[in-house]
Protein chains: 2
Amino acid sequence: MFHTSPPYAIRQENEVAEPKTLVEAAYRSLRRNIIEGRLSPGEKLRIEHIKNDYGVGGATLREALSLLTSDALVVSQGQRGFRVAPVSLEDLADITETRVMLECTALRQSIALGDEAWEAELTAAFHRLTRAEERLAEGNNREQWEERNRIFHEVLIAACPSRWIKHFLSILYHQAERYRHLSLRRSEGTRRLHDEHAALFEAAMARDADTATHLLGEHIRLTLQSVSLDNASTASH
Amino acid sequence: MFHTSPPYAIRQENEVAEPKTLVEAAYRSLRRNIIEGRLSPGEKLRIEHIKNDYGVGGATLREALSLLTSDALVVSQGQRGFRVAPVSLEDLADITETRVMLECTALRQSIALGDEAWEAELTAAFHRLTRAEERLAEGNNREQWEERNRIFHEVLIAACPSRWIKHFLSILYHQAERYRHLSLRRSEGTRRLHDEHAALFEAAMARDADTATHLLGEHIRLTLQSVSLDNASTASH
DNA sequence: TTTTCATCATTTCTCGATATTTTCCTTGTG
DNA sequence: CACAAGGAAAATATCGAGAAATGATGAAAA
């Protein structure tokens, strides 16, 4: 439904399909490794060393790293190679507030413009997320929950007509995801995550934009407030 | 002043210095050519054909094109090469409204937080812009005006602490710039551009955030409202 | 005439090799 | 002992050639 082919193709939106090129495959693989913390912030990415891990040539890996630069997951300095982007509490705060602003704007528009099909999508996404939340308590179905949580948030703002807002949000979502993975995740579980989602869902379905955006803002802030960075992973130059 | 080295390097912000690598040089050169309309929307970019124009090898040019993909100035589809991104009125409207939202937010923060040094910078930038506007009426010092106009807008929001907002704005600014170049530019000159800038400057210096953001919003909307797309350059699939 | 299919030319994508730059270590000097 | 200079080692950035994919052309069948 919300993957209609865009007039211009912003990269992140095309990611449902299989990777068609090796560059694309390496890009995604690297991105997952950075977001999920298998590559540490600040770590040097020596092309000669890691090209074997991804089974590609130097130029190809280089291009993938260049692409990650645009997502601010990798930094490159002139003639001195690539590194995993550093992290900092300031950056985290910035990401959070910018995301709150954009996502609330998008949600407001989505609530105003969403039709019946949107309601149906949203209900389905909420249902799947609920199931995943139940399972999350038991085993470690974290991956599935992560996926469905992302989709729930995407569907919430799906009826917002602005491609640019959605594009920026998807970049910020990846950033936030990384911080979540890097955190020690102590306070997780004490939160009543499902209640937050349920209230948000109810408000959206009731077309109560004020309540919904308020809940969403607090939800995003809480999610990232529970992040506390390990000293070891904090930016060092 | 506002080019302090960032904790993480978002690409656009590092562009004051000379290009250090061939990729960087090709990237900038291509970007100028797209923004200034020498490469038309939808045009196919065959690597073998144009690599000589930029004096680089295939892989290097490829990487530069990949980078432009992230700015949505170039689109790439799977195994079918690169094209200059198409344009459309919907996209233009989206860019404009997203930019208004982000730039007004940034301006509000900048007005709240800007110190004396910021005021000085702003005054200087306004002065330079004024001079350029005078010259614009005479000859075609369009390039200089374009530069100083950009800097004036940058300085206005320089005291906003959010790197992410500034990053997104710089992407949108490039997009808007392209549309301005593509337009037939009929109504330009009828506008009292300098008056708009002057009022905006006064409001910012007076720390009147409400008035300033209102003026800025109208200013951005007017700038892009005067754009009318040539049929020939409109998106075709 | 229209559709289908095979073949071929064009273009994209990828890799290994090479030249250039940076980094690190050793050595000499104030 | 600190510090600068020089050189070796490592890593980066780049190129040109080869493998894979596209879509264009034209012949055969419906």
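To find a chain, count down the sequence lines: A is the first, B the second, and so on, and within it residues start at 1.
Residues A:Glu146 and A:Arg180 are paired through a salt bridge, judged by an N-O separation under 4.0 Å between the basic side chain and the carboxylate. Under 4.0 Å is where a charged nitrogen must lie from a carboxylate oxygen, and between B:Arg83 and B:Glu43 no such pair does.
Which of D:dT22, C:dC15, D:dT12 sits closest to the side chain of B:Gln79 comes down to D:dT22.
When side chains are defined from C-beta on, B:Arg62 counts as touching A:Val23, because their heavy atoms get closer than 4.5 Å.
Positionally, the nearest nucleotide of DNA chain C for B:Leu45 lies more toward the 5' end than for the other of A:Lys51 and B:Leu45. Between A:Phe82 and B:Gly58, the one whose closest nucleotide on DNA chain D sits nearer the 5' end is A:Phe82. In this structure, B:Ile47 and A:Val56 both approach DNA chain C, and ranking their closest nucleotides by distance from the 5' end singles out B:Ile47.
With rounding to whole Å, A:Glu63 atom CD is found 11 Å from C:dC15 atom P. In this structure, A:Gln77 places its CD atom 10 Å from P of D:dA13, rounding to the nearest Å. Atoms CG (B:Leu61) and C1' (C:dT12) sit 12 Å apart, rounded to a whole Å. Counting to the nearest Å, the C1' atom of D:dA10 and the NE2 atom of A:His49 are 8 Å from each other. Spacing between atom NZ of B:Lys20 and atom C1' of C:dT22 amounts to 12 Å, rounded to whole angstrom units.
Below 30°, between 30° and 60°, or above 60°: for A:Phe126 and A:Phe152 the angle between ring planes is between 30° and 60°, a tilted geometry. Using bins of under 30°, 30° to 60° and over 60° for the plane-to-plane angle, the ring pair B:His167/B:Trp164 lands in the perpendicular bin.
Remark: A:Lys44 is in phosphate contact with D:dT12, judged by side-chain N or O atoms under 4.0 Å from OP1 or OP2. Remark: B:Thr60 is in phosphate contact with D:dC15, judged by side-chain N or O atoms under 4.0 Å from OP1 or OP2. Close to C:dC13, at under 4.0 Å from its OP1 or OP2, lies a side-chain N or O of B:Arg62. Regarding contacts with the backbone of C:dT10, every side-chain N or O of B:Arg46 stays at 4.0 angstrom or more from both OP1 and OP2. Between B:Arg80 and C:dT11 there is no side-chain N or O to OP1 or OP2 distance below 4.0 Å.
Contacts of B:Leu65 with the nucleic acid, taken as non-hydrogen atoms under 4.0 Å apart, are absent.
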